[in-house]
Undergrad: 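My structure is below; once you've seen it, I'll send some questions.
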Amino acid sequence: MSQRNFSLGFFSNKMDLNRYLHLKLLQFVIRPASKVEDLDVIKSTEIQLDRTLSKCFKTILNLTGFVSKSVSTKYGQLHYYDSDPNSNLKPFIFIHGLGSSAQSWWILGKMFENKRRILIPDLFHMSGFSHANNPVMDFTQHAESLIEFITTVTNESVDLCGLSLGGWLSMHIASTQPQMVSKLILMNPAGLKINPFALRDTLTFLSWKKFQKLYPGIIKAFPYTGFPILSKTAKRSLFRNLKDDRIKDLLKLTTENHFMDDNLKNIQCPVLLLWGKEDKLLSHKIPIVLANNIKNISAKWVEGCAHVLSLEAPATCFHEINQFLNLKTIKNNPFTQSVLSASFSYQTTL
């Protein structure tokens with residue numbers, strides 16, 4: 001080997017060593033989120049941290065009465081939280097949105113646990129604890145897995161509450177399995193042919209820089225955009241979840257046949273629609289179309305909130321749902337009282 005080639009080889013190895021040490025340093029030293037995007041070491045470390053925190057919170061929920069369970073479906077083992085498997089109370093099921101998990105409903109779930117049997121499933125291929133058989137699932141398969149879940153855990157009709165993708169899935173179930181749903185609550189649901197593939201295109205080419213501008217239109221309310229540590233942690237976590245290849249695959253497999261426009265007339269049960277007025281992820285035309293095409297619907301704007309109402313405005317959502325489900329005569333539990341006294345209340349308008 002010539003002296004020149006030897007020198008180049010040594011230089012290359014030295015550069016590799018420097019890069020390795022640099023990435024290892026980043027792995028153990030927290031840097032501002034704005035300076036980090038897709039470096040593999042950072043990404044894997046953050047994902048592992050998210051997973052650890054989720055497992056810890058899962059343990060806390062189990063200890064406070066939300067039992068961790070799973071059911072076998074033809075699509076895999078579906079994990080869910082159950083407030084009381086032996087309860088005689090009517091089941092109330094919460095379905096989370098894209099890239100999220102059942103834990104996003106923990107506040108509202110705890111607020112209603114003495115009034116209903118609360119069931120919160122983790123959708124497959126999201127950030128929860130369900131384990132799918134297949135690497136890819138489309139919208140219909142997600143809906144079928146939820147229908148199988150509902151028929152497995154209860155023999156009676158249920159009340160459904162869905163956010164975003166969860167609202168879309170809930171509308172599908174209510175329109176195709178009307179005997180299964182007593183009342184339906186929708187929070188900023190997707191699923192109409194209004195800019196139908198805009199979300200897919202947004203997430204396919206989503207960068208950290210673009211996401212930072214989009215984020216206040218997803219979660220606007222304090223503390224998620226006001227408390228420094230929580231805000232940055234929630235932002236980075238949601239960004240990584242939405243960038244997941246399984247999320248992109250789901251969006252790519254979505255066709256116009258999956259949208260709800262032609263089936264809204266088949267939703268016969270009473271419906272409560274809550275729409276965060278500052279939502280920048282979905283079109284504001286969606287709640288107008290829903291209000292005009294679902295027969296028995298009460299539709300309200302939630303002022304000052306964006307897309308994730310379950311976390312932004314739990315007190316407001318509780319008030320509206322409590323009234324809609326006629327549960328006001330049942331005394332609120334201590335946890336509910338503490339949330340109502342500590343949380344911001346947002347105005348709702350028809």
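Quick caveat: nothing in here was measured; it's all calculated off a predicted structure.
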Undergrad: Is any side-chain heavy atom of Leu264 less than 4.5 Å from a side-chain heavy atom of Met171?
TA: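 The answer is yes, as the side chains (C-beta and beyond) meet within the 4.5 Å cut-off.
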Undergrad: Please check this pair: side chain of Gln141 against backbone of Asp138, looking for a donor-acceptor N/O pair closer than 3.5 Å.
TA: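 Answer holds: yes.
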Undergrad: Any side-chain donor paired with an acceptor under 3.5 Å for Ser175 and Lys265?
TA: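 Absent: no donor and acceptor within the cut-off.
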Undergrad: Distance-only, no hydrogens or angles: does the Ser127 side chain make a donor-acceptor pair with backbone N or O of Ser100 under 3.5 Å?
TA: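 Yes.
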Undergrad: Quick check: closest heavy atoms across Lys115 and Leu327, and the distance to 0.1 Å?
TA: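 Shortest heavy-atom separation between Lys115 and Leu327 comes out as NZ-O, 3.3 Å.
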Undergrad: Is it true that, when you exclude Lys193 itself, more than 12 heavy atoms of the residues, nucleotides or ligands shown sit nearer than 6.0 Å to its NZ?
TA: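 Check passes, neighbour count above 12.
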Undergrad: With distance as the sole criterion, is a donor-acceptor pair present between the side chains of Thr349 and Lys277 under 3.5 Å?
TA: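 Lys277 and Thr349 do not have a side-chain donor-acceptor pair below 3.5 Å.
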Undergrad: Would you give the length of the straight line joining atom CG of Leu203 to atom CD1 of Ile247, rounded to the nearest 0.5 angstrom?
TA: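 Going from CG on Leu203 over to CD1 on Ile247, the span is 8.5 Å.
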Undergrad: Using a 3.5 Å distance criterion without hydrogens, assess whether the side chain of His258 forms a donor-acceptor pair with backbone atoms of Thr255.
TA: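 A pair under 3.5 Å: yes.
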Undergrad: Give every residue pair that meets the ring-ring contact (aromatic ring centres under 6.0 Å, His included) criterion with at least one member in residues 114-133, sequence neighbours excluded.
TA: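 Of all non-adjacent pairs touching residues 114-133, those that pass ring-ring contact (aromatic ring centres under 6.0 Å, His included) are His79-Phe129.
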Undergrad: In this structure, which one of Thr348, Leu186, Leu282 forms a side-chain contact (heavy atoms from CB on, under 4.5 Å) with Trp275?
TA: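 Of the listed residues Thr348, Leu186, Leu282, the side-chain contact (heavy atoms from CB on, under 4.5 Å) partner of Trp275 is Leu282.
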Undergrad: How far apart are the C-alpha atoms of Glu148 and Lys74, what are their side-chain angles, what is the distance that settles it, and do they pass the salt bridge (Lys or Arg N to Asp or Glu O under 4.0 Å) test?
TA: CA-CA 9 Å; Glu148 190 173 352; Lys74 62 182 177 181; 5.7 Å; no
Undergrad: Sub-3.5 Å donor-acceptor pair from the side chain of Gln103 to the main-chain atoms of Gly128, do we have one?
TA: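 Absent.
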Undergrad: Could you give the distance from CD1 (Ile93) to CD1 (Ile150), rounded to the nearest 0.5 Å?
TA: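 If we round to the nearest 0.5 Å, Ile93:CD1 and Ile150:CD1 are 4.0 Å apart.
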Undergrad: Does the side chain of Asn266 reach to within under 4.5 Å of the side chain of Asn263, using non-hydrogen atoms?
TA: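 Sidechains of Asn263 and Asn266: in contact.
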Undergrad: Restricting to side-chain contact (heavy atoms from CB on, under 4.5 Å), what partner residues turn up for Gln179, sequence neighbours left out?
TA: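 Gln177.
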Undergrad: Should His284 and Trp301 be marked as a ring-ring contact (aromatic ring centres under 6.0 Å, His included) after you check the CA-CA gap, both sets of side-chain angles, and the distance that decides it?
TA: CA-CA 10 Å; His284 280 197; Trp301 300 107; 5.6 Å; yes
Undergrad: Check whether any side-chain N or O of Thr154 sits under 3.5 Å from a backbone N or O of Glu156 as a donor-acceptor pair, and report yes or no.
TA: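 Yes; at least one donor-acceptor contact below 3.5 Å.
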Undergrad: Give me the atom names and distance for the closest heavy-atom approach of Pro121 to Leu78.
TA: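 For Pro121 and Leu78, the tightest heavy-atom pair comes out as CB-CD2, 3.6 Å.
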Undergrad: Considering the options Trp105, Phe335, Tyr346, Phe112, which one meets the ring-ring contact (aromatic ring centres under 6.0 Å, His included) requirement together with Phe318?
TA: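 Filter result, single survivor: Phe112.
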Undergrad: Are Leu123 and Leu165 side-chain neighbours, meaning at least one heavy-atom pair lies under 4.5 Å?
TA: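 Yes, close enough: below the 4.5 Å cut-off.
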Undergrad: Can you tell me if Glu312 uses its side chain to pair, donor with acceptor, with the backbone of Val308 under 3.5 Å?
TA: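 Yes, because the side chain of Glu312 sits within donor-acceptor range (under 3.5 Å) of the backbone of Val308.
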Undergrad: Is the shortest side-chain heavy-atom distance between Lys90 and Val158 below 4.5 Å?
TA: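 With C-beta onward as the side chain, the pair stays apart.
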Undergrad: Which residue pairs pass the ring-ring contact (aromatic ring centres under 6.0 Å, His included) test with at least one member in residues 57-76, sequence neighbours excluded?
TA: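 Listed once each, the pairs are Phe57-Trp106.
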Undergrad: Could you go step by step and tell me if Leu108 and Cys317 meet the side chain to side chain contact (heavy atoms under 4.5 Å, CB included) rule?
TA: CA-CA 8 Å; Leu108 279 175; Cys317 292; 4.0 Å; yes
Undergrad: Crowded around Lys280 NZ? As in, over 12 foreign heavy atoms under 6.0 Å?
TA: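 Result for NZ/Lys280: enclosed.
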Undergrad: Go through the steps to decide whether Ser157 and Ser182 satisfy the test side chain to side chain donor-acceptor pair (under 3.5 Å), and finish with yes or no.
TA: CA-CA 6 Å; Ser157 63; Ser182 297; 2.7 Å; yes
Undergrad: May I ask you to decide if Ser101's main-chain N or O and Ser104's side chain share a donor-acceptor pair within less than 3.5 Å?
TA: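 Between the backbone of Ser101 and the side chain of Ser104 there is a qualifying donor-acceptor contact (under 3.5 Å).
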Undergrad: With the side chain counted from C-beta on, respond yes when Leu281 and Leu214 share a heavy-atom pair under 4.5 Å apart, and no when they do not.
TA: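 The answer is yes, as the side chains (C-beta and beyond) meet within the 4.5 Å cut-off.
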Undergrad: What's the shortest heavy-atom distance between Arg246 and Pro135, and which atoms?
TA: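 So the minimum-distance heavy-atom pair works out to CG-O, 4.0 Å.
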Undergrad: Within the 4.5 Å heavy-atom criterion, are His142 and Leu250 side-chain neighbours or not?
TA: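 Yes, their side chains come closer than 4.5 Å.
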Undergrad: Work out which heavy atom in Asp122 is nearest to a heavy atom in Ala102; give both atom names and the distance.
TA: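 Scanning both residues, the minimum pair turns out to be OD1-N, 2.7 Å.
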Undergrad: Atom CG of Leu119 and atom OH of Tyr80: how far apart are they, to the nearest 0.5 Å?
TA: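 Here the rounded value is 7.0 Å.
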Undergrad: Taking the six-membered ring of Phe324, is NZ or CZ of Lys183 closer than 6.0 Å to its centre and within 45° of its axis?
TA: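 Verdict for Phe324: a cation-pi partner in Lys183.
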Undergrad: Just wondering, more than 12 heavy atoms not from Asn292 lying within 6.0 Å of its CG?
TA: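 Buried by this count: over 12 neighbours within 6.0 Å.
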Undergrad: Is it true that a side-chain atom of Asn333 and a backbone atom of Lys110 form a donor plus acceptor pair closer than 3.5 Å?
TA: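 Answer holds: yes.
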Undergrad: Side-chain contact test, heavy atoms from C-beta onward, threshold under 4.5 Å: evaluate it for Arg117 versus Asp82 and give yes or no.
TA: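 Yes, at least one pair of side-chain atoms sits under 4.5 Å.
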Undergrad: Less than 4.5 Å apart, side chain to side chain, heavy atoms only: is that true for Ile185 and Leu160?
TA: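 Sidechains of Leu160 and Ile185: no contact.
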Undergrad: Any chance you could lay out the side chain to side chain contact (heavy atoms under 4.5 Å, CB included) test for Asp245 and Lys248, step after step, and finish with the verdict?
TA: CA-CA 5 Å; Asp245 288 338; Lys248 293 180 181 178; 4.3 Å; yes
